[in-house]
There are 2 protein chains.
Amino acid sequence: MTTRAGRQGDEGVSQIPLPALFTQAKDVTLAKLHWRLNEEGFKGIRYSHGAVFRFIDAEGSRLTALAERSGLSKQALGEVVTELERHGYVERTTDPDDHRAKVIRLTERGTQAQVAAARILGEIERRWAQHLGRDRIAEMRMVLEEVIRFEKS
Amino acid sequence: MTTRAGRQGDEGVSQIPLPALFTQAKDVTLAKLHWRLNEEGFKGIRYSHGAVFRFIDAEGSRLTALAERSGLSKQALGEVVTELERHGYVERTTDPDDHRAKVIRLTERGTQAQVAAARILGEIERRWAQHLGRDRIAEMRMVLEEVIRFEKS
DNA sequence: ATTGATAGTACGGTTACCTTACTATCTGCG
DNA sequence: CGCAGATAGTAAGGTAACCGTACTATCAAT
């Protein structure tokens, strides 16, 4: 018995803790995404900006709506929007029907970035599927979703 | 054709982006781990403290060694150690052979926390295995590791 | 017209890191 | 031996990504 696994109650055995595994997976994926975005000329986009790109409506959304959908506070989201505005990815206009509210809308460039990000993430996943197995990646997705749902309930 | 998937080039389709999936999986796992630790009386342990618990040697380790293993800077790790010291989980003693260096060692309580954390993570994983399938969780682990290795190379 | 809710902003705080000095100590060489 | 250069750790200050608690502007409803 040199290095055989699976004695009896041996479960995980893979030594590396789950949170570290998830964190590293997230990190390598995001690193690649942002590297590619930069490569394609979408400068100044950072991790936190995803909260806007992921949840904004085509016709624009209110700050409060984006905050709720992303689970961030209004302030946190406000800062993100300000940065994206500075970089020309979104614009803030006062809602004509409600002068308290502002509508945040993707600019042409912002839409391009959104499309590019979705495409790049798709490419990353497809490359994984090619190298590690299409079914295995699909399964990983499903199991991750189930795990999240399970722990949240 | 109501809601059937798998037309042609349809790959991920699961709408939720991979980084979000990984992040949520990490978050729910860590939330549960720290909740349980607290429940068992291990107070004041935070996410970042894992860098010490995961990488420290039984005979104690130097700050520099822990920093290297965890990928953090010496300063970042120094702060973490200071906090763990305040909470009584580790102690810092000057290395008798090299007075520049200090040896960081788990206290009795620190070792208990380390053991508890490992046990709890094992329990979490076992529960997933019971509810979602033992093989599926094992596969998820493997695929995650492969994905990480793949993107890092 | 005032009162209470709502949209967004301002200000300050926290966590988890980082970089750039700096001090103390050790090691090797002339 | 004595000093140069490396190494261990600390100090100071900065940044990113958040948070909560005010506060202002506006709206809606009596």
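Reckoned from all heavy atoms, side chains included, excluding hydrogens, waters and symmetry mates.
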Note to self: Between Glu123(A) and Arg127(A), is the salt bridge (Lys or Arg N to Asp or Glu O under 4.0 Å) condition met? List the steps.
What the structure shows: CA-CA 6 Å; Glu123(A) 286 166 8; Arg127(A) 236 161 50 88; over 6 Å; no
Notebook entry, point to check: Residues from residues 76-99 of chain A sitting under 4.0 Å of DNA chain D, heavy atoms only?
Noted result: Ala76(A), Glu79(A), Asp98(A), His99(A)
Check: Between Arg62(B), Arg105(B), Arg69(B), which is the residue that forms a salt bridge (charged side-chain N to carboxylate O under 4.0 Å, His left out) with Asp57(B)?
Finding: Arg69(B)
Check: Considering only dA25(D), dG9(D), dT7(D), which nucleotide approaches the side chain of Lys102(B) most closely?
Finding: dG9(D)
Notebook entry, point to check: Which residue, Arg100(A) or Gly71(A), contacts DNA chain D at a nucleotide closer to its 5' end, judged by nearest heavy atom?
Noted result: Gly71(A)
Next item on the list: Mind listing the residues from residues 43-53 of chain B sitting with a heavy atom below 4.0 Å of DNA chain C? Number order is fine.
Entry: Arg46(B), Tyr47(B), Ser48(B)
Notebook entry, point to check: Is Glu59(B) atom CD crowded by more than 12 heavy atoms from other residues, nucleotides or ligands, each under 6.0 Å away?
Noted result: yes
Check: Side chain of Arg54(B), backbone of Gly50(B): donor and acceptor closer than 3.5 Å?
Finding: no
Check: Atom CD1 of Ile104(B) and atom P of dG9(D): how far apart are they, to the nearest Å?
Finding: 6 Å
Check: Judged by atom type as modelled, is there a donor-acceptor pair below 3.5 Å linking the side chain of Thr107(B) to the main-chain atoms of Gly88(B)?
Finding: yes
Next item on the list: Using heavy atoms and a sub-4.0 Å distance, could you list which residues of residues 57-68 of chain B are near DNA chain C? By number, please.
Entry: none
Item checked: Listed nucleotide nearest any side-chain atom of Gln75(A), set dG9(D), dA25(D), dT21(D) -> dT21(D)
Margin query: With side chain to side chain contact (heavy atoms under 4.5 Å, CB included) as the test, pick out the partner of Val90(A) among Thr82(A), Thr111(A), Leu84(A), Val80(A).
Written below: Leu84(A)
Check: Can you say whether the rings of Tyr89(A) and Phe42(A) are parallel (under 30°), tilted (30 to 60°) or perpendicular (over 60°)?
Finding: tilted
Next item on the list: Let me see the working for Val143(A) and Glu139(A) under side chain to side chain contact (heavy atoms under 4.5 Å, CB included), right down to the final yes or no.
Entry: CA-CA 6 Å; Val143(A) 175; Glu139(A) 255 290 288; 3.8 Å; yes
Note to self: Can you list everything that forms a ring pair (Phe, Tyr, Trp, His ring centres under 6.0 Å) with His131(A)? Sequence neighbours excluded, please.
What the structure shows: Phe150(B)
Notebook entry, point to check: Should the pair Arg119(B)-Glu40(B) be classified as a salt bridge under the 4.0 Å nitrogen-to-oxygen rule?
Noted result: yes
Check: Do Ile16(B) and Tyr47(A) share a hydrophobic cluster (ILVMFWY, side-chain heavy atoms under 4.5 Å, transitive)?
Finding: yes
Between side-chain atoms of residues 27-34 of chain B and protein atoms elsewhere (two or more places apart, or another chain), which donor-acceptor pairs fall under 3.5 Å?
{"from": "Thr29(B)", "atom 1": "OG1", "to": "Ala25(B)", "atom 2": "O", "distance (Å)": "2.6"}
{"from": "Lys32(B)", "atom 1": "NZ", "to": "Glu151(A)", "atom 2": "OE1", "distance (Å)": "2.8"}
{"from": "His34(B)", "atom 1": "ND1", "to": "Leu30(B)", "atom 2": "O", "distance (Å)": "3.1"}

Notebook entry, point to check: Taking any atom under 4.0 angstrom from a heavy atom of chain A, which nucleotides of DNA chain C are the first and last to qualify, 5' to 3'?
Noted result: dA5(C) to dA10(C)
Next item on the list: I would like to know whether Glu91(B) and Arg109(B) meet salt bridge (Lys or Arg N to Asp or Glu O under 4.0 Å); could you show each step before the answer?
Entry: CA-CA 11 Å; Glu91(B) 57 195 8; Arg109(B) 185 103 190 106; over 6 Å; no
